[in-house]
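Below is one structure, written out as structure tokens, with a few remarks after it.
Since we're looking at a predicted model, the values are computed, not measured. Atom set for the values below is all heavy atoms of this structure, side chains included, hydrogens, waters and symmetry mates excluded.
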There are 2 protein chains.
Amino acid sequence: MRQQYDVYAMRCPTRMVLDRIADKWALLLLDRLAEEPMRFNRLRRDIEGLSQKVLSQTLKRLERDGLVFREAFATVPVTVEYSLTPLGRTLNETASALAHWAERNMDEILQAQAAYDRKTSGGS
Amino acid sequence: MRQQYDVYAMRCPTRMVLDRIADKWALLLLDRLAEEPMRFNRLRRDIEGLSQKVLSQTLKRLERDGLVFREAFATVPVTVEYSLTPLGRTLNETASALAHWAERNMDEILQAQAAYDRKTSGGS
DNA sequence: GTCTCTTGGTATCTAATGGAAACCATGTTA
DNA sequence: TAACATGGTTTCCATTAGATACCAAGAGAC
């Protein structure tokens with residue numbers, strides 16, 4: 001059962017996928033959708049700083065990769081609901097860990113940055 | 001013990017950190033350095049497609065964040081060795097999971113993409 | 001002696017990407 | 001009739017990524 005793909009190889013398709021999931025917005029979207037299915041503008045409002053264009057692009061790519069499911073309802077103004085696919089759900093287990101690692105270790109990082117900046121700018 | 005940071009808030013410092021660690025090259029570097037300490041050009045050769053400039057920038061940022069330790073030896077041509085800090089090591093536990101999730105689920109993603117493209121371009 | 005290779009980077013240039021803002025059709029409400 | 005909601009696409013500009021060349025200091029080949 002050796003793995004057949006290698007992220008370190010340039011031409012490996014995993015590179016493309018890693019490039020897609022190692023993305024701030026994709027991770028936040030996955031994490032948000034893991035809670036419950038959501039609509040376009042709800043996501044836009046929830047994730048501060050995420051523009052419509054990038055939201056649209058990111059959702060489209062996630063849908064293409066089979067991570068997100070898009071369902072459109074022919075209501076008065078069209079309603080579009082996004083949710084995680086089973087595959088997307090398995091990714092979220094590791095992806096959300098990354099997002100929340102940042103929250104847990106923020107203090108330590110802030111201290112490291114301050115120390116680095118003191119050493120660098122103030123240093124002899 | 002509620003968390004004091006929120007990745008969904010725009011001005012939260014975790015955003016900055018998430019932006020940094022949700023990066024293809026940073027993840028691959030962390031994963032590579034988790035194995036053993038390595039020198040600059042070794043990393044460049046091992047991670048295909050990674051340019052000197054981006055390697056240099058990424059390492060510098062990771063060092064500033066306290067994730068990577070840089071040690072220079074005054075040898076003949078200067079020797080510089082990079083290794084993970086304890087903090088970097090905790091990150092790698094979740095970060096490498098992301099990189100290798102791509103390897104494990106590659107086939108399913110490729111199939112999803114093919115299905116999506118058939119539906120999109122060939123669809124009625 | 002000098003040509004070329006190594007080390008670990010920086011400087012420069014260009015192509016691709018990211019984000020802000022405007023625009024779109026359709027329909028409801030004030 | 002003007003404004004707002006829906007879910008986007010288009011346009012523009014600034015930042016970024018990547019390719020390439022360059023740098024100093026030495027080691028080894030010729």
Please list, pair by pair, any protein nitrogen or oxygen found under 3.5 Å from a nitrogen or oxygen in nucleotides 17-21 of chain D.
unit_1  : atom_1 : unit_2   : atom_2 : d
dG18(D) : OP1    : Trp25(B) : NE1    : 3.3
dG18(D) : OP2    : Trp25(B) : NE1    : 3.0
dG18(D) : N7     : Lys53(B) : NZ     : 2.9
dG18(D) : O6     : Lys53(B) : NZ     : 2.4

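- Note: CG (Leu55(A)) to P (dT9(D)) measures 10 Å, nearest angstrom.
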Pair Tyr82(B)-Leu62(B), side chain to side chain contact (heavy atoms under 4.5 Å, CB included): steps then yes or no: CA-CA 10 Å; Tyr82(B) 292 94; Leu62(B) 291 174; over 6 Å; no
Check against side chain to side chain contact (heavy atoms under 4.5 Å, CB included), Glu36(B) and Met38(B): CA-CA 6 Å; Glu36(B) 53 178 332; Met38(B) 279 188 197; 3.9 Å; yes
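- Among the heavy atoms of the strands, none lies under 4.0 Å from Phe73(B).
- The side chain to side chain contact (heavy atoms under 4.5 Å, CB included) with Val68(A) is formed by just one residue from the set Thr85(A), Thr58(A), Leu84(A), Leu29(A); it is Leu84(A).
- Under the 4.5 Å side-chain criterion, counting only non-hydrogen atoms from C-beta, Arg39(B) is in contact with Thr79(B).
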Contacts table for residues 44-51 of chain B: side-chain donor-acceptor under 3.5 angstrom, sequence neighbours left out:
unit_1   : atom_1 : unit_2   : atom_2 : d
Arg44(B) : NE     : Asn41(B) : OD1    : 3.2
Asp46(B) : OD1    : Arg42(B) : NE     : 3.4
Asp46(B) : OD2    : Arg32(B) : NE     : 3.1
Asp46(B) : OD2    : Arg32(B) : NH2    : 3.0
Asp46(B) : OD2    : Arg42(B) : NE     : 3.2
Glu48(B) : OE1    : Met10(A) : N      : 2.8
Ser51(B) : OG     : Val54(B) : N      : 3.3

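- Contacts between residues 27-47 of chain B and DNA chain C, defined by a heavy-atom separation under 4.0 Å, are made by Arg39(B), Phe40(B), Asn41(B), Arg45(B).
- A heavy-atom distance below 4.5 Å is found between the side chains of Ser56(A) and Phe40(A).
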Could you list the donor-acceptor pairs under 3.5 angstrom formed between side-chain atoms of residues 18-25 of chain B and any protein atom two or more places apart in sequence or on another chain?
unit_1   : atom_1 : unit_2   : atom_2 : d
Asp23(B) : OD2    : Trp25(B) : N      : 3.2
Asp23(B) : OD2    : Ala26(B) : N      : 2.8

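- Inter-residue side-chain proximity for Leu98(A) and Leu91(B) is flagged as met; some heavy-atom pair is nearer than 4.5 Å.
- Side-chain contact between Phe73(B) and Glu81(B) is present, with heavy atoms from C-beta onward closer than 4.5 Å.
- No side-chain heavy atom of Thr94(A) sits under 4.5 Å from any side-chain heavy atom of Thr94(B).
- Judged by distance alone, with hydrogens and angles left aside, the side-chain atoms of Glu103(B) form no donor-acceptor pair with the main-chain N or O of Thr14(A) at under 3.5 Å.
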Nucleotide-resolved protein contact map, nucleotides 24-30 of chain D, B/S/- at heavy-atom distance under 4.0 Å: --SS---
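- Chain A approaches DNA chain C within less than 4.0 angstrom (heavy atoms of the protein), and the contacting nucleotides run 5' to 3' from dG18(C) to dT28(C).
- Met16(B) places its CE atom 19 Å from the P atom of dT15(D), with the value rounded to the nearest Å.
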CA sep, side-chain torsions, deciding dist, call: Met106(B), Val17(A), side chain to side chain contact (heavy atoms under 4.5 Å, CB included): CA-CA 8 Å; Met106(B) 197 59 234; Val17(A) 172; 3.5 Å; yes
Derivation of the side-chain hydrogen bond (donor to acceptor under 3.5 Å, both in side chains) call for Asp65(B) and Tyr116(A): CA-CA 8 Å; Asp65(B) 290 344; Tyr116(A) 181 95; over 6 Å; no
